[in-house]
Amino acid sequence: MSDQPTPLNETTTTINLSALRSALMPLAATLDVLSEEERQVISNLPEGSAMLIGISGPGKGSRYLLNIGQTTIGRDPSSEIFLDDVTVSRKHAQVEHEIGTNYSISDLGSLNGTYLNGVGVSGSVLVEGDEIQIGKYKLTFFVKGK
């Protein structure tokens, strides 16, 4: 690669603005998108528990409780979170819950990747309001703190 700056008339550059989602859509705005029932479910979570909620995409309205050590996500029917679509690998990703409210996500070598707030990740800590994209599914992470 060259150290030369990209010319202003360069038309082959791709810009991915979805990475700005978390900065442009704060948690309060994400909560506004939820139904009253979904907000009630989140407020009633036991301390340290978390939930993924499908806010858009084919899994819209789906809710997945994350209160065990490891939660696998994939197209394999034995996955704790089963996402039935060819864009999802059989063993796609895994969410780990450590002590307290510490959650992280890891890609398990999936074909299409795991995206956190629009950025491909192999592993990352999760923060409330994060959007996880696995295939066509977009899930928002919520955690009940102290």
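Note that the structure is a prediction, hence the values are computed from the model and not measured.
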Pairwise distance [atom1]([X]) to [atom2]([Y]) - rounded to 0.5 angstrom:
X: K136; Y: T87; atom1: NZ; atom2: OG1; answer: 5.5 Å
X: S79; Y: Q94; atom1: OG; atom2: CD; answer: 10.0 Å
X: T71; Y: Y64; atom1: OG1; atom2: OH; answer: 12.0 Å
X: D76; Y: I81; atom1: CG; atom2: CD1; answer: 13.5 Å

Residue pairs passing the salt bridge (Lys or Arg N to Asp or Glu O under 4.0 Å) test where at least one lies in [range], sequence neighbours excluded:
range: residues 92-109; result: none
range: residues 110-120; result: none
range: residues 49-63; result: E37-R63

Contact between [X] and [Y] at the side-chain level, heavy atoms closer than 4.5 Å - yes or no?
X: D130; Y: T140; result: no
X: V127; Y: F141; result: no
X: V41; Y: F142; result: no
X: M51; Y: L45; result: yes

Using the rule given for side-chain contact (heavy atoms from CB on, under 4.5 Å), can you reason through V125 versus N102, listing the C-alpha separation, both sets of side-chain angles and the distance that settles it, and then say yes or no? CA-CA 8 Å; V125 171; N102 299 325; over 6 Å; no

Exercise. Taking atom types as modelled, find out whether S110 and N112 have a side-chain donor-acceptor pair closer than 3.5 angstrom.
Key: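 Side chains of S110 and N112: no pair found under 3.5 Å.
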
*Distance-only donor-acceptor check, side chains E80 and T72, under 3.5 Å*: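 A donor-acceptor contact under 3.5 Å links the two side chains.
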
Check whether any side-chain N or O of [X] sits under 3.5 Å from a backbone N or O of [Y] as a donor-acceptor pair, and report yes or no.
X: R75; Y: V88; result: yes
X: S89; Y: L111; result: yes
X: E38; Y: Q40; result: no
X: R39; Y: L34; result: yes
X: K138; Y: E131; result: no

Can you give me the closest heavy-atom contact between [X] and [Y], atom names plus distance?
X: K91; Y: L108; result: O-CB, 3.5 Å
X: T101; Y: G48; result: CG2-CA, 4.0 Å
X: G129; Y: N117; result: O-OD1, 4.4 Å

**Report entry** Contacts of type side chain to side chain contact (heavy atoms under 4.5 Å, CB included), residue S124, not counting sequence neighbours
**Finding:**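 Applying side chain to side chain contact (heavy atoms under 4.5 Å, CB included) to S124 gives L116, V121.
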
Only counting residues at least two apart or in another chain, list the ones meeting side chain to side chain contact (heavy atoms under 4.5 Å, CB included) with I105.
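For I105 the side chain to side chain contact (heavy atoms under 4.5 Å, CB included) partners, ignoring immediate neighbours, are A93, V95, T114, L126, I132.
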
Legend entry - ring pair (Phe, Tyr, Trp, His ring centres under 6.0 Å): pairs with one or both residues in residues 79-101, sequence neighbours excluded: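 Every ring pair (Phe, Tyr, Trp, His ring centres under 6.0 Å) pair that includes a residue of residues 79-101, provided the two are not neighbours, is H97-Y103.
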
